[in-house]
Amino acid sequence: MAIGASSKTEPILGEWGLPIRGMARGINDLAIPKDALLDALNVEIIDGTLRGRRGLTALSSQLFATRPMGALNLWQNVTAGFIVLATTAKIWTYDIVAAGWTDRLGTLTGDADKPTRITQFAFGSPTVTRAYIANGVDALRTWKPGDATASTVKILGEEKVTNGLFVSSAGWTLGANWAFDTTNEEMDHTTGSTATLSQNANVANAKTYRVKFTVRNRTAGTLTPTVGGVAGTAVSTNNNFSEDILTTGTGNLIFTPSSTFDGSVDDVSVREVSADAPIFRDITVAGDRLVGLVSSHDIRWFEPLSDEEAPASNVRVLADTPAPTIAIRNLGNLGIVVYKKDGAWLGELTGFEGARAFRWTRLISVEGPACPTALVEAGDGGPHVYMTDTGRVAMFQGSNLKWIGDGSWAVVKGEIDQTKSNRIWGVYKPAERQVWFTYQRTGQSDVDGLLIVQLERKDVGLPAASYPGRWYKTVTAGCTVYDSAIGQDLVFTANSGAEKAYKMTGTDDAGSAITSYIQTGYVPAPMLESLRVLSIEPFLERAAGYSTLTVKAVTSNVLNTVLGTLSSGTSVDLTATPIKTVVGVDARGRFLGARLEWTSAATVRYRGITVRAPVAAQAGPSQG
């Protein structure tokens, strides 16, 4: 006998198990599978039970004062030690070890309707990971651990120094106590003299130059760089140094030691800071270079392992189709994928430098993502998951694209505000293999729509599924978090006076109750004769403090509305553990189902439900 069956006079008319297929509405509403739902709100499946979605718990009391637009968990060496946040006005960082936010003073002029994307890129000696902020309004910004402030990425002009790597002493004027080290190819200074090391670098007056050099072997003393008549900062450690100097003349490049300086100089460079980096709408990393979208059709890239060299020739105008570019992402060993409104293009690294660095091929013709933040990387080099303007969700793995979660698309498509599709954003939750998409609904002043997409998990037999939801705060950005000190992924709210960071661990939305419900599909009555539902039995975990939920019957006679007619509700005490929980119902219809409703005050762990009616025990029509 099927689970829940207990009486010859009340046979089971319909039974449903754990809805691992999510919502399945808008396809064949009369044949909803027994492991799917006709309707749902704010639910997810975790650890083998369906429950209300997780809410929000404040990470800290810090207020950001302006709208959060994008965030990233930045790796620092082997730990993901910082959260980088861009608002419409500023750049903030959160030190996970120190558990505190810092305003990085990076003034932005962002726009709520222009998405902000942040990526990270590790290079240099020693290797340092840097964050790059692209918002489609401001020149590219950057920040790295150790910097007091965020800065604008600058493009450098041609090299002004001759023989800056010291393969010989050619081109340099060596004062007393300076000598060329032929073994290590560097310039060494011994104590006892302040005579200079210099070269005519042919700099211009009233220009800004970036002066770089390395100091090694120093145990005492200082070394001061000068160019164009202006002295830089005296350095007193072994390190790589970089400083921007605004010239007041055309004087030589000069290194002035103190008399006690006993170190070596190498890797000298002087280049004009010629311009700000382009305004990027989206940015990623391909192999060993930054690549991004700068205008409606242009793709620009930097030279390898650099954020200072981006020649104007390093461009591909992707005008093969008139549709604009929307987003760009790395896709593992394949290279990068550029998404347009009408398809996707692959950029493969060729091994060449400069303008020939990529080979471009059209991959697929398909509706692309709504905006840069509507595309999520589901893991490092993993599949791309994105939401379109109409709320449909796609997954692309390089060789094929498939639509997932279409059982919720009818709901999302019916409510999404397509004039605000640039506000769509998503966050990947690796522990659950979920992507949470947020969007603005028609008639709402800001984002509150939510779609929880469960990616397929073949290891446990879990198919792709989706569940619609609602935020009860204005949640405008989020990021995956890999550092265990925080332990959960983050989202950021834009409610006026409460612009804060939240962990996705709460029982409610930071004090606002979450409403949840599920509704089964219909079971046709035998011979389509009107029946009276006698009882509904939900299968739920019970424990102290679990509170209550409400059970309702769903009926329809001619399927004139998708969701049918709801009966009055009956409360079920989840703190009690009876042998059976049979809820008596008085409702009639030719098509029958059940609905459970609860708020975040209740702890719900759902596994299935049955509906009984006073009919003969023969089987009814198939449930699909």
Side-chain angles (χ1 to χ4, degrees), residues 67-71 110-119 134-137 280-284 292-293 295-297 318 321-329 331 337-345 363-378 383-396 401-406 408-428 434-453 455 466 468-471 474-479 491 494:
R67 182 186 183 93
M69 292 296 294
D111 186 311
D113 292 310
K114 291 194 174 180
T116 296
R117 271 268 300 142
I118 307 178
T119 195
N135 66 2
V137 180
F280 285 93
R281 296 183 293 112
D282 196 4
I283 194 162
T284 190
L293 308 179
S295 64
S296 61
H297 293 83
L318 209 59
T321 64
T325 58
I326 301 298
I328 185 169
R329 292 294 191 282
L331 191 60
V337 177
V338 175
Y339 291 89
K340 303 184 75 175
K341 278 293 185 183
D342 63 355
W345 291 70
L363 288 173
I364 189 172
S365 297
V366 69
E367 184 182 5
C371 65
T373 52
L375 191 154
V376 177
E377 295 171 272
H384 297 166
V385 183
Y386 67 80
M387 179 177 279
T388 69
D389 288 338
T390 62
R392 198 176 189 190
V393 176
M395 183 170 71
F396 183 62
L401 181 143
K402 60 182 178 180
W403 300 104
I404 59 176
D406 266 3
S408 296
W409 186 33
V411 172
V412 178
K413 180 172 59 174
E415 66 181 16
I416 195 169
D417 185 345
Q418 293 186 47
T419 68
K420 294 294 184 181
S421 61
N422 271 352
R423 296 189 178 187
I424 298 173
W425 64 270
V427 61
Y428 175 56
Q434 294 175 347
V435 178
W436 290 35
F437 285 108
T438 297
Y439 57 92
Q440 186 162 327
R441 295 185 297 144
T442 300
Q444 302 300 308
S445 61
D446 215 323
V447 294
D448 73 342
L450 173 65
L451 183 66
I452 299 173
V453 179
L455 302 182
S466 61
R470 295 283 179 272
W471 290 111
T474 303
V475 182
T476 57
C479 67
V491 296

Run the side-chain contact (heavy atoms from CB on, under 4.5 Å) test on V475 and V447 for me, step by step, so that the C-alpha distance in whole Å, both residues' side-chain angles and the decisive distance to 0.1 Å come before the verdict. CA-CA 7 Å; V475 182; V447 294; 5.6 Å; no
Go through the steps for I283 and I328 under the test side-chain contact (heavy atoms from CB on, under 4.5 Å), then give the verdict. CA-CA 6 Å; I283 194 162; I328 185 169; 5.7 Å; no
Step-by-step side chain to side chain donor-acceptor pair (under 3.5 Å) determination, R281 to T325: CA-CA 10 Å; R281 296 183 293 112; T325 58; 2.6 Å; yes
From CA spacing to verdict: side-chain contact (heavy atoms from CB on, under 4.5 Å), I424, I416: CA-CA 10 Å; I424 298 173; I416 195 169; 3.8 Å; yes
Assess the residue pair V366 and W403 against the criterion (side-chain contact (heavy atoms from CB on, under 4.5 Å)); give the C-alpha distance rounded to whole Å, side-chain angles, the decisive distance to 0.1 Å, and a yes or no. CA-CA 11 Å; V366 69; W403 300 104; 3.6 Å; yes
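Expressed to the nearest 0.5 Å, how far NZ of K413 lies from CD of Q418 amounts to 9.5 Å. A distance of 11.5 Å separates CD1 in I364 from CG in D342, rounded to the nearest 0.5 Å. Considering CG of D282 and OH of Y339, their distance stands at 11.0 Å, rounded to 0.5 Å. Taken to the nearest 0.5 Å, the CG atom of L401 stands 4.5 Å off from the OH atom of Y386. Of the inter-residue distances, the one linking L375 atom CG with W425 atom CH2 reads 14.5 Å to the nearest 0.5 angstrom.
Between R470 and R441, some side-chain heavy-atom pair lies under the 4.5 Å cut-off. Side-chain contact between E415 and Y439 is present, with at least one heavy-atom pair separated by less than 4.5 Å. V385 places none of its side-chain heavy atoms less than 4.5 Å from the side chain of Y428. Using a 4.5 Å cut-off on side-chain heavy atoms (C-beta onward), N135 and K114 make no contact. In this structure, the side chains of W436 and V376 stay at 4.5 Å or more apart for every pair of heavy atoms.
Judged purely by atom type and a 3.5 angstrom limit, R392 has no side-chain atom pairing as donor or acceptor with the backbone of G405.
Residues L293 and A327 share a closest heavy-atom pair of CD1-N, 3.5 Å. In terms of heavy atoms, L451 sits closest to S466 at CD1-CB, 4.0 Å. The two atoms that bring V427 and C479 nearest to each other are CG2-C, 3.5 Å, heavy atoms only.
T438 is linked by a side-chain hydrogen bond (donor to acceptor under 3.5 Å, both in side chains) to W471, counting only residues two or more places apart in sequence or in another chain.
Ring geometry, F396 versus H384: the interplanar angle falls from 30° to 60°, so the pair is classed tilted.
Using a cutoff of 4.0 Å between basic side-chain nitrogens and carboxylate oxygens, R423 and D417 are not scored as salt-bridged. A salt bridge does not link K420 with D446: every distance from a Lys NZ or Arg NE/NH1/NH2 to an Asp or Glu carboxylate oxygen is 4.0 Å or more.
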